[in-house]
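Proteins come first, then strands; the chains are lettered A, B, ... in the order of their sequence lines, and each starts at number 1. Just so you know, these numbers use all the heavy atoms, side chains as well, and skip hydrogens, waters and symmetry mates.
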2 protein chains.
Amino acid sequence: MDARERLIESAQDLLWERGYTGTSPRAIQHRADAGQGSMYHHFAGKHELAREAIARTADQLKAEAAASLATPGTATEKIGAYLTRQRDVLRGCRVGRLAADPDIITAADLREQLAATFAWLRETLARIVASGQRAGQVSPRLDPHDTAATIVAVVQGGYVLARSADSTEPFEQAVSGLLALIMKES
Amino acid sequence: MDARERLIESAQDLLWERGYTGTSPRAIQHRADAGQGSMYHHFAGKHELAREAIARTADQLKAEAAASLATPGTATEKIGAYLTRQRDVLRGCRVGRLAADPDIITAADLREQLAATFAWLRETLARIVASGQRAGQVSPRLDPHDTAATIVAVVQGGYVLARSADSTEPFEQAVSGLLALIMKES
DNA sequence: GTCTATACGGGGATAGAC
DNA sequence: GTCTATCCCCGTATAGAC
């Protein structure tokens with residue numbers, strides 16, 4: 001694997017662990033086993049490297065979400081599969097984590113990558129909710145887009161609660177609580 | 001207002017805006033209009049000042065949550081009041097925000113302040129859900145603690161989505177979606 | 001492509017004067 | 001209590017050699 005590749009992957013790791021503000025070029029170089037000159041040869045600076053790293057992470061996340069949602073079965077089964085898919089709960093969401101970072105929110109090009117990722121996820125879930133309504137598995141009284149936002153928010157908020165508690169339990173409770181609400185009428 | 005007080009309030013502001021990692025002693029001193037010597041006279045360092053600031057913020061947050069939950073009415077009305085209370089959505093949660101910060105999660109004494117705040121909030125909401133069940137307004141099939149975790153997670157996750165989108169809309173959708181789920185049977 | 005040198009301000013704190 | 005001086009390393013690059 002060449003240096004450019006190692007730099008991107010190291011940046012992905014560090015952005016996940018420490019966010020943008022908490023990640024220094026030096027730390028990325030160390031983890032990538034690349035020198036100062038190498039990094040600044042391949043990227044204009046921290047910002048540009050972060051952009052590449054976030055794009056890569058966002059793509060991976062979408063692929064993983066799509067895979068869990070491709071579970072065969074009813075709409076509620078797909079949503080259940082998404083909610084209960086394997087997660088590194090205490091490490092948090094690789095994309096959502098960045099929303100807390102002031103320098104990400106300020107940099108329009110970086111923030112938009114988060115916006116696009118969540119927009120895609122919400123839209124995908126909304127379609128599944130709507131299809132569940134057509135199939136009669138989901139209450140027609142629910143708004144698909146609102147419900148999709150709720151589902152994504154429970155996951156993101158679950159991470160916050162789990163990291164605060166240093167325990168996966170509140171994440172699991174939040175997901176169980178949501179599933180119970182969605183299934184209530186079935 | 002004395003310098004000690006100004007330092008704590010400045011630290012509260014900056015922790016909200018930039019997190020722990022993103023906040024330097026210098027920045028706090030500047031905002032507080034206090035010198036280096038003043039800060040290190042009143043506090044042993046950044047860590048100790050942050051602890052005081054977080055304690056203060058956590059107390060304020062609990063007081064505000066308790067106030068919204070003291071709304072007269074049924075359990076579902078209280079929950080609705082909590083969910084729709086006035087919020088600075090794009091600035092995020094002053095406590096939940098810190099869960100993304102690696103240095104907060106690593107420092108047990110700081111992280112525990114977040115844990116305690118959310119534990120209190122979830123327990124308070126769980127009691128309200130349970131009382132709603134006794135009064136027949138909430139489905140007896142729901143687990144009060146799970147449901148409480150879901151409610152808190154929707155709020156925390158709503159902040160993440162709103163900040164990512166640079167719009168309050170997804171927050172409002174997530175809350176509406178949750179309210180629809182809770183009210184579905186009423 | 002990668003290395004080393006150099007730069008300048010900031011992060012986070014200690015020491016001692018006033 | 002607050003000020004100023006001082007410290008040392010890090011953050012974030014740029015420049016030019018190899």
Side-chain angles (χ1 to χ4, degrees), chain A residues 1-54 56 97-98 100-111, chain B residues 1-56 97-98 100-111 113:
Chain A
M1 197 174 40
D2 64 3
R4 186 187 152 84
E5 200 60 23
R6 292 199 314 275
L7 284 161
I8 292 177
E9 293 183 10
S10 299
Q12 287 186 274
D13 289 352
L14 284 164
L15 286 171
W16 189 6
E17 282 173 32
R18 306 199 40 84
Y20 183 86
T21 303
T23 296
S24 69
R26 271 175 162 272
I28 297 170
Q29 292 151 205
H30 258 82
R31 179 172 302 219
D33 206 5
Q36 196 97 325
S38 180
M39 180 187 134
Y40 283 99
H41 169 73
H42 292 291
F43 304 95
K46 175 182 174 179
H47 184 104
E48 192 182 300
L49 172 48
R51 177 171 36 224
E52 289 251 9
I54 294 170
R56 186 92 51 111
R97 199 236 168 279
L98 301 171
D101 206 301
D103 297 343
I104 295 269
I105 294 307
T106 298
D109 61 332
L110 302 185
R111 185 193 56 70
Chain B
M1 197 171 44
D2 63 4
R4 185 188 154 83
E5 199 61 23
R6 293 199 312 276
L7 283 162
I8 292 176
E9 292 184 10
S10 299
Q12 288 186 272
D13 289 352
L14 284 165
L15 286 172
W16 189 6
E17 281 174 32
R18 306 199 40 84
Y20 183 86
T21 303
T23 295
S24 69
R26 280 174 92 89
I28 297 170
Q29 292 151 206
H30 259 83
R31 179 172 302 219
D33 207 7
Q36 195 98 325
S38 181
M39 181 188 133
Y40 283 98
H41 169 74
H42 291 291
F43 304 95
K46 177 182 173 180
H47 184 104
E48 190 182 301
L49 173 48
R51 176 170 37 221
E52 290 251 7
I54 294 169
R56 187 90 53 109
R97 199 233 167 282
L98 301 173
D101 206 303
D103 297 343
I104 295 269
I105 294 308
T106 298
D109 60 331
L110 301 185
R111 185 193 55 71
Q113 297 185 296

Distance in angstrom units between [X] [atom1] and [N] [atom2], rounded:
X     : N      : atom1 : atom2 : value
A:K46 : D:dT14 : NZ    : C1'   : 18 Å
B:L7  : C:dG12 : CG    : P     : 15 Å
A:M39 : C:dC3  : CE    : P     : 14 Å
A:D33 : C:dC3  : CG    : C1'   : 14 Å
B:R26 : C:dT14 : CZ    : P     : 16 Å
B:H41 : C:dC18 : NE2   : P     : 19 Å
A:F43 : D:dT14 : CZ    : P     : 15 Å
B:L14 : C:dG10 : CG    : P     : 16 Å

Nearest to the side chain of [X], heavy atoms from C-beta on, is which of [options]?
X     : options               : answer
B:Y40 : C:dG10, C:dC3, C:dT14 : C:dT14
B:H42 : C:dT2, D:dG1, C:dA13  : D:dG1
A:S38 : D:dT12, C:dT2, D:dT2  : C:dT2
B:Q36 : D:dG11, C:dT14, D:dT2 : C:dT14

*Using a 4.5 Å cut-off on heavy atoms from C-beta on, say whether the side chain of B:H30 contacts that of B:S24.*
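Not touching, per the 4.5 Å side-chain cut-off.
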*asked:* Assess, by modelled atom type and distance only, whether the side chains of A:H47 and A:D109 contain a donor and an acceptor separated by less than 3.5 Å.
replied: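 Note: A:H47 and A:D109 side chains meet the donor-acceptor criterion.
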_Regarding B:T23, tell me which of base, sugar-phosphate or nothing describes its non-hydrogen contacts under 4.0 Å with the strands shown._
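If one applies the 4.0 Å heavy-atom cut-off, B:T23 turns out to touch the sugar-phosphate alone, with no base involved.
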*Roughly how far apart are A:T23 OG1 and A:K46 NZ, rounded to 0.5 Å?*
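Here the interatomic distance stands at 6.5 Å.
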*asked:* Could you report the tightest heavy-atom contact between A:I54 and A:L110, atom names first, then the distance?
replied: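 A:I54 and A:L110 have their closest heavy atoms at CD1-CD2, 4.3 Å.
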